[in-house]
Amino acid sequence: MPASPAPCLADTEEGRRLAAVEAEGWHRWGPYLSERQWGTVREDYSEGGTAWDYLTHDQARSRAYRWGEDGIAGWSDDRQLWCLALALWNGRDPILKERMFGLTNSEGNHGEDVKELWWYLDATPTHSYMRMLYKYPHAAYPYEDLVAENGRRKGQNLPEYEIADTGVFADGRYHDVTVEYAKAAPDDVLMRVTIANRGPEAADLHILPHFLARNTWSWGREPWEPEQPRPLLRLTEAGAVEATRGRAPALRFAALQPAEFLFCENETNARRLFGTNGPAHPKDAINDRVVEGRHEAVNPLAEGTKCAAWSRVTVPAGSTVSLRFRLGPAAGPDARDVAAFDAAMAQRLAEADAFYAALQRDIADPDARLVQRQALAGMLWSKQFYHFDVRRWLAGDPAQPAPPEGRRHGRDSDWTHLNNADIVSMPDKWEYPWYAAWDLAFHCVTFALIDPAFAKGQLILLTREWYMHPNGQLPAYEWAFGDVNPPVHAWAALRVYRMDQAMTGKPDRAFLERVFHKLMLNFTWWVNRKDAGDRNVFQGGFLGLDNIGIFDRSARLPTGGTLDQADGTAWMAMYSLNLMRIALELAVEDPVYEDIATKFFEHFLTIAEAMTHVGGDGSGLWDEADEFYYDVLSLPDGRQVPLRVRSLVGLIPLCAVEVLDENLGRRFPAFARRARWLLTHRPDLAAQVSRWEEPGRGNRVLLSLLRRHRMKALLRRMLDETEFLSPHGVRSVSKAHAAAPFRFPWDGETFAVDYEPAESTTAVFGGNSNWRGPIWLPINFLLVEALTEFGRFYGPDFTVECPAGSGHYLTLPQIADELSARLTRLVLRGPDGRRPVLGDSTLFQDDPHFRDHVPFHEYFHGDTGAGLGAAHQTGWTGLLALLLQPRRDVAGGQVPAAPEG
């Protein structure tokens with residue numbers, strides 16, 4: 001009997017839910033709570049923009065937030081009107097554990113840094129099942145020790161002092177707290193909290209799931225609440241909490257085991273913070289009742305706008321205790337039915353297993369399946385309701401004191417059109433609880449593997465009129481919406497389009513056309529605003545690559561003049577090719593787009609020519625002696641000085657590559673005719689196109705900034721293990737600078753770049769940003785893509801030595817595979833049983849309760865692969881999920897192979 005065909009995603013129950021997600025409301029509830037609302041720009045009403053100091057972690061338990069909420073393992077509806085999150089107390093801490101603790105930018109010795117341990121372990125795209133793990137010490141949480149020791153280490157180039165270094169997890173003296181969510185129905189949320197005592201003795205724990213209404217009533221009317229209803233939570237005779245808000249159907253929050261319900265108001269404790277009168281039972285009343293034993297702190301009437309279900313358990317050594325809670329319609333099924341609860345939870349977990357079995361059917365390695373599933377879980381858990389109306393933020397709320405006048409002309413004052421209240425994919429919900437434009441592009445490409453509709457929606461959202469500036473600029477991030485991020489959104493849109501088509505069998509040209517028109521506006525902004533001399537050479541600013549050069553590239557240069565950027569110019573060449581390819585895809589059904597494709601083809605040619613002849617005198621961004629691309633400093637006296645820092649800046653030109661297939665002339669005769677005319681009549685431009693007159697394998701044509709010689713020269717550097725090539729990917733700065741740092745003297749000061757494989761010692765941008773040696777996933781991923789595309793043109797007979805000097809030659813696709821393998825080895829268990837990402841920590845590497853929980857760091861040590869920076873930045877490090885997925889050819893390239901159907 002023939003074997004049954006392997007299931008496809010659409011045939012799973014989760015796949016069927018995903019197809020009906022909007023119609024049935026499966027996305028109405030999800031993990032949309034931030035993990036840090038305090039210390040954000042949107043909560044900052046200070047005159048000087050000192051967000052970290054204006055609303056601190058210590059104030060957070062007592063101060064009502066204006067624009068959102070935060071919590072541990074938090075959930076909310078998609079307008080964040082109702083929120084559910086976990087709070088804990090071990091009986092020793094000075095405060096309830098209601099939110100993740102970390103150091104501010106000025107406290108951390110390498111910038112802001114969360115000091116907690118948690119992992120996202122599982123999730124489905126519709127949030128029908130979610131699971132995360134938090135480790136809570138039996139001992140008092142070492143708040144003061146973490147602040148003091150990291151302060152002592154500042155300026156000494158020492159590693160960060162982490163919570164695991166304090167010894168509070170020694171001998172297993174902690175609780176593993178697993179939080180699971182499942183949806184019995186779209187609006188019926190099950191929450192199970194499982195506590196496992198890993199220590200040698202019994203230990204007490206207080207468990208307090210918090211259910212609360214986001215405070216919208218203290219500021220003035222929200223646009224979606226015309227009646228400005230004040231919500232109410234009250235304890236019913238049945239021992240559950242009924243929640244009402246205006247005309248919306250009532251909700252019910254219930255504990256399925258004995259619990260004491262505590263009530264207060266989600267309002268600021270003005271007496272504690274400001275010494276003025278305030279509500280009798282403010283936001284921190286539950287903390288005061290549990291930790292300080294103050295019975296009068298909470299509302300004796302058992303009502304308010306915030307509540308907690310308080311349970312106290314003693315967990316024997318090595319044992320496990322589970323508690324169950326349910327949030328759903330007040331008129332719904334019996335909330336206390338434990339058997340129905342457990343059956344629904346088990347069913348949703350089984351459906352999640354089936355969904356991932358279909359996705360991972362071609363991944364044989366069980367460890368790779370585990371890592372990929374956790375990577376995707378991190379992506380799904382990192383969705384957040386992001387609310388920020390800049391105009392209202394600058395002016396202040398009518399029910400509150402007016403902000404300082406200076407704010408009207410300060411941070412983001414030229415982004416008054418921006419009014420966000422949406423579910424957005426975050427880079428990291430603690431370190432970076434705000435969207436970042438170029439991060440989001442990479443997120444979308446990963447999301448397309450499991451939820452292409454969400455990926456498409458995010459790309460469209462970023463270009464909507466309440467996000468995109470009227471001048472065409474995309475918003476960077478809330479600290480400075482006007483900063484400039486690399487223009488990777490056309491690449492992402494095309495990538496998502498192809499992955500969606502491969503999964504569904506149907507091209508969504510409406511999506512592609514919709515985003516294309518907005519991206520043309522953004523391209524025009526780049527051309528008009530970031531080409532200082534109208535030379536097709538770009539000065540985009542820092543372009544996301546913090547600390548990569550000797551100057552802050554967003555600030556005024558100390559030398560005067562301009563900085564012609566090799567990466568900025570290459571990004572624009574790549575942007576031109578991406579828009580050209582999108583136009584050709586749209587021209588399949590509308591020949592008008594052939595004209596637009598020609599326009600972007602011409603843009604690419606002029607940018608390629610300018611990179612070679614910046615000043616019209618034969619000089620350019622390519623250094624013939626070094627055979628590398630460098631930024632060029634154009635001084636006021638007319639001199640042009642190449643800044644010979646060997647970094648990713650010089651490798652990004654590899655990413656501007658597009659292969660046109662042999663049937664181009666038949667499919668798009670007008671485009672082919674105009675392109676041929678242009679190349680015939682502009683031989684200066686034709687000379688910049690690699691191999692235009694020498695078609696490659698299958699008569700394909702290569703459009704690239706690099707001729708064969710220059711490409712091989714760059715690859716020699718990139719694949720040299722004494723320079724860029726690490727055992728775990730491509731470094732951001734050549735290791736050669738460790739022995740020979742770059743120095744630039746100017747006006748009595750010396751600017752320098754050396755190789756820093758770990759945390760930065762140069763605070764050009766402050767914080768934990770460092771592109772002077774570590775490995776970053778996004779650029780590595782683009783290099784893998786570029787090598788694959790070059791391989792489509794050059795074919796199997798073209799080989800390059802890899803690693804350089806090894807005598808071992810590989811084809812370009814094989815080099816892409818080798819680079820992918822090095823990157824995935826960051827997180828996979830090696831032959832020695834260790835994961836490089838976990839560093840040299842015996843606890844993390846060997847302890848069975850740690851070693852298979854994988855962090856997805858912001859970046860990685862350039863030599864060892866140890867994880868660095870933000871520990872939960874699954875956003876772009878989630879690209880590992882794509883690298884672990886087998887690939888297959890589709891029209892115009894390769895995509896990760898999600899099961900069809």
Side-chain angles (χ1 to χ4, degrees), residues 365 368 622-629 644-655 657 690 696-697 704 706-740 755 757 773-777 779-832 834-837 859-866 880 883-884 887 894:
D365 179 12
W622 173 261
D623 189 296
E624 197 62 50
D626 282 4
E627 295 191 315
F628 203 76
Y629 284 102
R644 293 186 172 87
V645 180
R646 290 208 290 275
S647 73
L648 286 177
V649 165
L651 296 180
I652 287 172
L654 284 166
C655 301
V657 55
S690 183
R697 187 164 64 105
S704 166
L706 306 167
R707 302 183 188 90
R708 179 188 295 240
H709 168 74
R710 289 188 179 182
M711 181 191 69
K712 296 187 83 168
L714 281 188
L715 290 181
R716 274 196 301 273
R717 297 270 194 207
M718 189 180 91
L719 301 175
D720 187 338
E721 292 178 316
T722 68
E723 289 215 41
F724 286 99
L725 187 61
S726 156
H728 308 289
V730 174
R731 302 175 175 105
S732 46
V733 165
S734 169
K735 195 174 183 178
H737 284 309
Y755 173 69
I775 296 154
W776 295 76
L777 253 294
I779 305 300
N780 272 264
F781 187 85
L782 289 176
L783 291 170
V784 169
E785 296 266 294
L787 288 167
T788 303
E789 188 72 0
F790 276 117
R792 291 182 60 229
F793 176 78
Y794 284 113
D797 297 328
F798 184 90
T799 60
V800 174
E801 194 176 24
C802 178
S806 67
H808 186 215
Y809 286 81
L810 299 175
T811 65
L812 295 176
Q814 287 172 336
I815 294 173
D817 291 342
E818 171 63 19
L819 182 53
S820 294
R822 291 184 182 227
L823 292 166
T824 55
R825 283 201 295 267
L826 284 163
V827 290
L828 295 176
R829 190 182 299 285
D832 60 356
R834 298 170 68 82
R835 302 182 194 274
V837 64
Y859 53 95
F860 302 87
H861 194 289
D863 298 332
T864 69
L880 287 164
L883 295 176
L884 288 166
R887 300 160 74 86
Q894 289 191 333

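Here the structure is a predicted model, which is why all the values come from computation and not from measurement.
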Residues that Arg834 engages under side chain to side chain donor-acceptor pair (under 3.5 Å), provided they are two or more places apart: none
Atom pair CG (Leu715) and CG (Leu812), whose distance is rounded to the nearest 0.5 Å: 6.5 Å
Nearest atoms (heavy-atom pairs only) where Leu783 meets Met718: CD1-SD, 3.9 Å
Name of the residue among Glu801, Glu627, Glu721, Glu723 meeting salt bridge (charged side-chain N to carboxylate O under 4.0 Å, His left out) with Arg716: Glu627
Donor-acceptor under 3.5 Å (His861 side chain, Pro774 main chain): no
Spacing of OG belonging to Ser820 relative to CG belonging to Leu787, to within rounding of 0.5 Å: 9.0 Å
Exercise: identify the closest heavy-atom pair between Val645 and Phe628: O-CE2, 4.3 Å
Least distance between heavy atoms, Asp863 atom then Pro727 atom: O-CD, 4.1 Å
Heavy-atom pair with the smallest gap, counting every atom of Asp623 and Asp626: OD1-N, 2.9 Å
Any side-chain heavy-atom pair of Phe793 and Val657 under 4.5 Å: no
Interatomic distance, Leu826 atom CG to Leu883 atom CG [nearest 0.5 angstrom]: 10.0 Å
Within residues 804-814 or reaching into it, pairs that qualify as side-chain hydrogen bond (donor to acceptor under 3.5 Å, both in side chains) - sequence neighbours excluded: Thr811-Gln814
Distance, nearest 0.5 Å, that separates OG of Ser732 from OH of Tyr859: 9.5 Å
The single option from Leu810, Leu719, Leu725 passing side-chain contact (heavy atoms from CB on, under 4.5 Å) against Pro803: Leu725
Side-chain heavy-atom pair Leu714, Trp622 within 4.5 angstrom cut-off: yes
Partner set under side chain to side chain donor-acceptor pair (under 3.5 Å) for Glu818, not counting sequence neighbours: Arg822
Thr824 side chain to Ala821 backbone, donor-acceptor under 3.5 Å: yes
Worked verdict on Tyr755 versus Arg731 for side chain to side chain donor-acceptor pair (under 3.5 Å): CA-CA 10 Å; Tyr755 173 69; Arg731 302 175 175 105; 3.0 Å; yes
Heavy-atom pair of closest approach, residues Tyr629 and Pro653: CD1-CG, 3.5 Å
Arg792 vs Phe790, side chain to side chain contact (heavy atoms under 4.5 Å, CB included): CA-CA, chis, key distance, verdict: CA-CA 5 Å; Arg792 291 182 60 229; Phe790 276 117; over 6 Å; no
Close side-chain approach of His728 to Leu823, heavy-atom, < 4.5 Å: no
Backbone of Arg646 reached by a side-chain donor or acceptor of His737 within 3.5 Å: yes
Heavy-atom pair of closest approach, residues Ala786 and Cys655: CB-CA, 4.0 Å
CG-CG distance between Leu828 and Asp365, expressed to the nearest 0.5 angstrom: 6.5 Å
From Leu654 atom CG to Glu785 atom CD, the distance as rounded to the nearest 0.5 Å: 13.5 Å
Asn780 side chain to Val730 backbone, donor-acceptor under 3.5 Å: yes
